[in-house]
Amino acid sequence: MGTQSNDGMVAKLCWGEESRKSESIILERVANTAKDNKTVDGHVPVVLFSYEFPHSTSAIRDALKLAQPGKGSRRLFIMIFRKLRPIKELKPDIMFKAWYQCVECHYTLWKAGIHHRDVSCENLMYYMTDKGVMGVLNDFDLASVRGDGRSGNERTGTIPFMAIELLEPDGQSGRVDHTYRHDMESFIWVFIWICFQYSDGKMVEKPRPLDIWAKVDPSGCAKEKTYFLNRKLELPDHLTGSNKRRVEEVQKEITQLTQELAEESTESVFSKFTSVIQPCEYSIR
């Protein structure tokens with residue numbers, strides 16, 4: 001894995017839903033999975049300290065004599081992590097390596113029953129070691145664990161990066177199961193977003209071609225993405241080399257994920273996609 005540079009620490013404070021497994025508990029399972037899997041080890045956040053505060057919002061609501069005090073109850077958590085940086089600030093080839101490492105990590109965790117369900121630009125991070133870049137799949141507070149009682153059609157995600165099917169009315173109303181291929185599509189949207197919105201790790205000047213995705217509601221974003229795929233938007237001038245080819249490939253793959261691979265297994269979706277996009281120096285593990 002290599003020796004990580006010392007970039008400091010960060011604190012995360014969040015009001016987590018009491019009905020959910022806490023992120024710290026999920027990350028314990030993630031850490032156990034990492035022990036036996038090279039695609040996960042070093043590619044997930046490391047919890048240095050965590051604490052769950054004893055009082056929840058239900059206690060406050062109860063003290064105030066409010067109706068249904070336990071409904072939607074939340075509890076304050078604090079966690080300390082090693083500091084990470086977003087992959088969007090990396091130069092193209094290094095960004096792709098970090099992104100691809102996150103794809104592999106996510107797949108291994110999904111197979112182990114840990115479903116991230118919120119793949120977004122801000123949740124793909126990295127750090128540097130003496131051996132190079134290490135992509136990190138970050139932020140597991142919306143993740144689910146197989147067998148924890150949470151439904152597969154619960155809506156989670158960040159709108160600009162969600163799969164088109166989950167943005168459409170049936171997806172938003174919970175009539176579509178959130179499966180592996182939906183998270184795989186989110187990885188593709190993240191890759192496209194970074195390639196269009198950033199140049200050598202810096203955000204390009206306005207007007208940026210994909211800004212509208214973050215300004216509309218789920219249905220509007222689904223329409224914008226569908227339009228993006230159908231009109232074959234001209235690639236930006238700053239996008240050159242291998243990532244230009246990769247963007248052209250992943251645009252084709254989104255249609256395949258939605259149509260041809262809709263009924264295929266997780267293993268089939270992963271292997272068919274990575275056979276197209278994987279860098280030559282990598283192997284599927």
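Here, residue 1 is the first one in the sequence, and each next residue gets the next number.
- Looking at R61, its side chain never comes within 3.5 Å of a backbone N or O of G70 through a donor-acceptor pair.
- At distances below 3.5 Å, at least one donor-acceptor pair connects side-chain atoms of S186 with backbone N or O atoms of H182.
- Distance NE2/H55 to OG/S73: 12.5 Å, rounded to 0.5 Å.
- Inter-residue side-chain proximity for S24 and M79 is flagged as met; some heavy-atom pair is nearer than 4.5 Å.
- Checked by atom type and distance alone, the side chain of Y127 never pairs as donor or acceptor with a backbone atom of G135 at under 3.5 Å.
- Here CD1 of I192 is found 6.5 Å from CG of L229. Values are rounded to the nearest 0.5 Å.
- When only modelled atom types and interatomic distance are considered, H116 and D183 share no side-chain donor-acceptor pair under 3.5 Å.
- In this structure, F49 CZ and I78 CD1 are separated by 6.5 Å, a value rounded to the nearest 0.5 Å.
- Proximity of a side-chain donor or acceptor of T129 to a complementary backbone N or O of G132 within less than 3.5 Å is detected.
- Under the side-chain hydrogen bond (donor to acceptor under 3.5 Å, both in side chains) criterion, the residue pairs touching residues 205-221 are Q197-D211, R208-D211, with sequence neighbours excluded.
- Taken to the nearest 0.5 Å, the CG atom of D62 stands 13.0 Å off from the CD atom of Q68.
- Of all heavy-atom pairs spanning K111 and R146, the tightest one is O-NH2, 3.4 Å.
- Figure legend: cation-pi geometry between R75 and F53 absent, as NZ or CZ is not positioned both under 6.0 Å from the six-membered ring centre and within 45° of its axis.
- Heavy atoms only, all atoms of each residue included: T57 and G72 are closest at OG1-O, 4.3 Å.
- For the pair N230 (side chain) and T226 (backbone), a donor-acceptor distance under 3.5 Å is present.
- Shortest non-hydrogen contact noted between C102 and L137 is SG-N, 3.9 Å.
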Would you check, one step at a time, whether the test side chain to side chain contact (heavy atoms under 4.5 Å, CB included) holds for C121 with I194? CA-CA 8 Å; C121 188; I194 294 175; 3.9 Å; yes

Let me see the working for F77 and L13 under side chain to side chain contact (heavy atoms under 4.5 Å, CB included), right down to the final yes or no. CA-CA 6 Å; F77 297 86; L13 290 90; over 6 Å; no

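- A side-chain hydrogen bond (donor to acceptor under 3.5 Å, both in side chains) with T108 holds for exactly one of N37, T33, T39, D36; it is T39.
- Within the 4.5 Å cutoff, the side chain of F140 has no heavy atoms near those of the D118 side chain.
- You'll find the side chain of K35 reaches within 4.5 Å of the side chain of N32, heavy atoms only.
- A distance-only check finds a donor-acceptor pair linking the side chain of S271 to the backbone of S268 [under 3.5 Å].
- I212 and V204 sit in two unconnected hydrophobic clusters of ILVMFWY residues. Membership requires side-chain heavy atoms under 4.5 Å apart, directly or through other members.
- For the pair I114 and R29, the minimum side-chain heavy-atom distance is below 4.5 Å.
- In this structure, the side chains of Y51 and I80 stay at 4.5 Å or more apart for every pair of heavy atoms.
- For the pair V44 and L109, the minimum side-chain heavy-atom distance is below 4.5 Å.
- At a threshold of 4.5 Å between side-chain heavy atoms, the hydrophobic network of Ile, Leu, Val, Met, Phe, Trp and Tyr places L166 and L142 in two separate groups.
- Between L48 and M9, the shortest heavy-atom distance links the atoms CD1-SD, 3.5 Å.
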Pair L84, N138 - check side chain to side chain contact (heavy atoms under 4.5 Å, CB included), show working. CA-CA 9 Å; L84 302 168; N138 198 39; 4.1 Å; yes

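- By the 4.5 Å heavy-atom criterion applied to side chains, M162 and Q172 are counted as neighbours.
- In this pair, F96 and Y100 present their aromatic rings tilted. The plane angle is within the 30 to 60° band.
- Expressed to the nearest 0.5 Å, how far CG of D141 lies from CZ of R117 amounts to 12.5 Å.
- With sequence neighbours excluded, the residues that form a side-chain hydrogen bond (donor to acceptor under 3.5 Å, both in side chains) with D139 are K12.
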Using ring-ring contact (aromatic ring centres under 6.0 Å, His included), reason through H238 and Y198 one step at a time and then give a plain yes or no. CA-CA 9 Å; H238 66 258; Y198 290 82; 9.2 Å; no

Please step through side chain to side chain contact (heavy atoms under 4.5 Å, CB included) for the pair M128 and V133, ending with a clear verdict. CA-CA 5 Å; M128 300 301 296; V133 70; 3.8 Å; yes

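- Partner of Y126 under the side-chain hydrogen bond (donor to acceptor under 3.5 Å, both in side chains) criterion, chosen from E89, K88, Q101: E89.
- A ring-ring contact (aromatic ring centres under 6.0 Å, His included) with F161 holds for exactly one of W193, W189, F191, F187; it is W193.
- The aromatic rings of F196 and F228 lie perpendicular to each other, with more than 60° between the two planes, well past the 30° mark.
- L124 places a side-chain heavy atom less than 4.5 Å from the side chain of W99.
- No side-chain donor-acceptor contact under 3.5 Å links H106 to the backbone of V103.
- At least one donor-acceptor pair closer than 3.5 Å links the side chain of R74 to the backbone N or O of W15.
- Atoms CD and CD1, from E23 and I25 in turn, are 11.5 Å apart once rounded to the nearest 0.5 Å.
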